[in-house]
Amino acid sequence: MYDVIIVGARCAGSPLAMLLAKRGQSVLVVDRATFPSDIMSTHFIQPEGVKRLQEWGLYDEVMASNCPEIPQMQFTLQGVLVSAPRDPSMPIPICPRRTVLDNILVAAARDAGAEVREAFSAQEIIIEDGVVTGIRGRNADGASVEARARVTVGADGHHSLVARTVAAEEYDTHPPFTCGYYSYFSGVPLPTGGEAFVGPEAGVLAFATNDGLTCIGAGTDRQFFHDYRADIEGNFYRILEQASPAFAARVRAGKREEKWIGTADTENFFRQPYGPGWALCGDAGYHKDFVTGLGIADAFRDAEFLSEALDAGLSGRDPLDGALAAYKERRDTAAKPMYDMTILFAQGPTLEEMAKNMPAAQASA
Ligand SMILES: Cc1cc2nc3c(=O)[nH]c(=O)nc-3n(C[C@H](O)[C@H](O)[C@H](O)COP(=O)(O)OP(=O)(O)OC[C@H]3O[C@@H](n4cnc5c(N)ncnc54)[C@H](O)[C@@H]3O)c2cc1C
């Protein structure tokens, strides 16, 4: 019997496990993946996320992987170069590979005292008398295993088994608007570490990452996904040409080093993040389009908020239900402004709309 079982051990699950274990809770975190391993995601970390890595004592280890900083994200909005100055009180964004970042997070959970089981697939969420009491799943060796906890957390991504099992209600939903493909290139240096080109119908994001590579993604309206998939390379460069012929030429001068990765799975929703014996964290509880690159920092934030709520509830300082209601309120209040901006950006805003939503950009546009 654990205090908390967490399904999913990446940006939401491992920090949650680490923070709860540090507070003395007994934690089991399982993931069907083994680490280090990749997952479909570019990996720009917003300053708030970098700050949490610093506070958790993990930043130096991430940077020691030879991860470059992104001192200035340079935006070109419909052909107009705008500068969005950084908040000097916040850390500089970074873009570490998920193979690097997630591995460090999993190790930190383990070091803090959480039990981490890799290659463990949760197959069933156990519900007794309306209360979630644990999981059934398969260990690495194929053995069927049951584990029980006072609270079971779904940190298992936006197709969350936990959320599906408890039928967590969705709200503030928006349909998927975009699709996109990305890959990794050598020989495409970015003088400021990051560049974004946003137009009415397509957008390009480029970030400096580990091993001297540049992660470059090109997205467009979701209705074109079928055509995009039919000729990924051709469409990728078509989007780049439209966004910036000069940038397209720089990318053509480099070399693609890895396979294409793409998705049209970009729905937008909040989910009710708690109920009897269960809670949701990260993408499982709140998912949005990748255009604004928020998911990792948001997962870190939600892990912190949920760890505080669970610790208060499980230690008896506060009623658990009230503590989890406060978690929902904190999460939604913190996430809503950027969620609304994400919905706007995913739909291809006008220059005026973009400028209005990027005050710093407006000043210099
Ligand atoms: C194309 C794309 C680009 C993106 N770019 C960015 C970006 O630049 N910056 C940014 O901040 N965010 C970005 N995101 C979003 C970001 O990837 C997610 O928000 C983030 O990964 C959420 O972390 P998580 O821990 O909640 O879920 P995930 O990272 O999805 O991890 C969930 C884990 O749960 C495990 N799991 C699921 N089900 C089970 C089960 N039944 N049993 C055992 N294990 C299970 C999975 O194996 C997985 O390891 C992007 C996403 C996409 C798709």
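Counting starts at 1 for both ligands and their atoms, in listed order.
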*For ligand 1, which atoms sit closer than 4.0 Å to a heavy atom of Gly8?*
33 (C), 34 (O), 35 (C)
*Phe120 heavy atoms, cut-off 4.0 Å: which ligand 1 atoms fall inside?*
42 (N), 43 (C)
*Check each heavy atom of Ile45 against ligand 1 and say whether those closer than 4.0 Å belong to the side chain, the backbone, both or neither.*
neither
*Gly282: numbered ligand 1 atoms lying under 4.0 Å from its heavy atoms*: 26 (O)
*CZ-CG distance between Arg229 and Asp227, expressed to the nearest 0.5 angstrom*: 10.0 Å
*Is there a donor-acceptor pair closer than 3.5 Å between any side-chain N or O of Asp31 and the backbone N or O of Val7?*
no
*asked:* Between Thr292 (side chain only) and Leu294 (backbone N and O only), is there a donor and an acceptor less than 3.5 Å apart?
replied: no
*asked:* Under a plain distance cut-off of 3.5 Å, with no hydrogens placed, do Thr99 and Arg97 share a side-chain donor-acceptor pair?
replied: no
*Does any N/O atom on Gly295 come nearer than 3.5 Å to any N/O atom on ligand 1?*
yes
*asked:* Suppose I only count heavy atoms of Ala122 and a 4.0 Å limit; which atoms of ligand 1 are within that range?
replied: 40 (C), 41 (N), 42 (N), 43 (C)
*asked:* Under a 4.0 angstrom heavy-atom cut-off, which atoms of ligand 1 come close to Gly293?
replied: 7 (C), 9 (N), 10 (C), 11 (O)
_For atom 19 (O) of ligand 1, the protein heavy atom that lies nearest, with its residue and separation_ = Asp283 OD1, 2.8 Å
*Check whether any N or O atom of Asp31, backbone or side chain, sits under 3.5 Å from an N or O atom of ligand 1, and answer yes or no.*
yes
*Nearest protein heavy atom to atom 27 (O) of ligand 1, by residue and atom, and its distance?*
Gly157 CA, 3.8 Å
*asked:* Does only the side chain of Gln123 get under 4.0 Å from ligand 1, or the backbone, or both, or neither? Count heavy atoms.
replied: neither
*asked:* Within the 4.0 Å heavy-atom shell around Thr42, which atoms of ligand 1 are there?
replied: 2 (C), 3 (C), 4 (C), 5 (N), 6 (C), 7 (C), 8 (O), 13 (C)
_Identity and distance of the protein heavy atom lying nearest atom 16 (C) of ligand 1_ = Ser41 OG, 3.6 Å
*Measure from the side-chain N and O atoms of Ser160 to the backbone N and O of Asp156, and report whether any donor-acceptor pair falls under 3.5 Å.*
no
_Any donor-acceptor N or O pair under 3.5 Å, side chains Ser89, Asp87_ = yes
*Would you mind checking which non-hydrogen protein atom is closest to atom 36 (N) of ligand 1, with the distance to 0.1 Å?*
Asp156 CB, 3.9 Å
*asked:* Nearest non-hydrogen contact with atom 21 (O) of ligand 1 belongs to which option: His43, Gln46, Arg10, Arg98?
replied: Arg98
*Distance-only N or O hit between ligand 1 and Ile39, under 3.5 Å*: no
*What is the nearest protein non-hydrogen atom to atom 23 (O) of ligand 1, stated with its residue, atom name and distance?*
Cys11 CB, 3.7 Å
*asked:* Rounded to the nearest 0.5 Å, what separates atom CZ in Phe177 from atom CD in Gln223?
replied: 12.5 Å
*What about Ala9: any of its N or O atoms under 3.5 Å from an N or O on ligand 1?*
no
_With a 6.0 Å cut-off (strictly less than), is the heavy-atom count around NZ of Lys22, excluding the residue itself, greater than 12?_
yes
*Using a 4.0 Å heavy-atom threshold (strictly under), name the region of Ala155 that reaches ligand 1: side chain, backbone, both or neither.*
backbone
*For Ile296, counting its heavy atoms only, list the atoms of ligand 1 lying under 4.0 Å from any of them.*
10 (C), 11 (O), 12 (N)
*Quickly, which of Tyr228, Phe236, Tyr237 forms a ring-ring contact (aromatic ring centres under 6.0 Å, His included) with Tyr181? Name it, please.*
Tyr228
_Protein heavy-atom partner closest to atom 25 (O) of ligand 1 - residue, atom, separation in Å_ = Ala12 N, 2.9 Å
*asked:* Can you name the atoms of ligand 1, numbered from 1 with element, that are less than 4.0 Å from a heavy atom of Met40?
replied: 52 (C), 53 (C)
*Please list all pairs passing the ring pair (Phe, Tyr, Trp, His ring centres under 6.0 Å) test where one or both residues lie in residues 145-171, with sequence neighbours left out.*
His158-His287, Tyr171-Phe270
_Working to the nearest 0.5 angstrom, can you tell me the gap between Thr76 OG1 and Gln74 CD?_
6.0 Å
*Nearest-0.5 Å distance, CD of residue Gln25 to CZ of residue Arg23*: 9.0 Å
*Nearest protein heavy atom to atom 40 (C) of ligand 1, by residue and atom, and its distance?*
Arg32 NH2, 3.5 Å
*Would you call Arg52 and Glu48 a salt bridge, taking side-chain N to carboxylate O under 4.0 Å as the test?*
no
*Decide if atom CG of Asp111 counts as having more than 12 heavy atoms of other residues, nucleotides or ligands within a radius under 6.0 Å.*
yes
*Assess Lys288 against Phe290: is NZ or CZ under 6.0 Å from the centre of the six-membered ring, and within 45 degrees of the ring's axis?*
no
_Is the contact between Phe290 and ligand 1 made by the side chain, the backbone, both, or neither, using heavy atoms and a 4.0 Å cut-off?_
side chain
*How far is atom 9 (N) of ligand 1 from its nearest protein heavy atom, and which residue and atom name does that atom have?*
Phe44 O, 2.9 Å
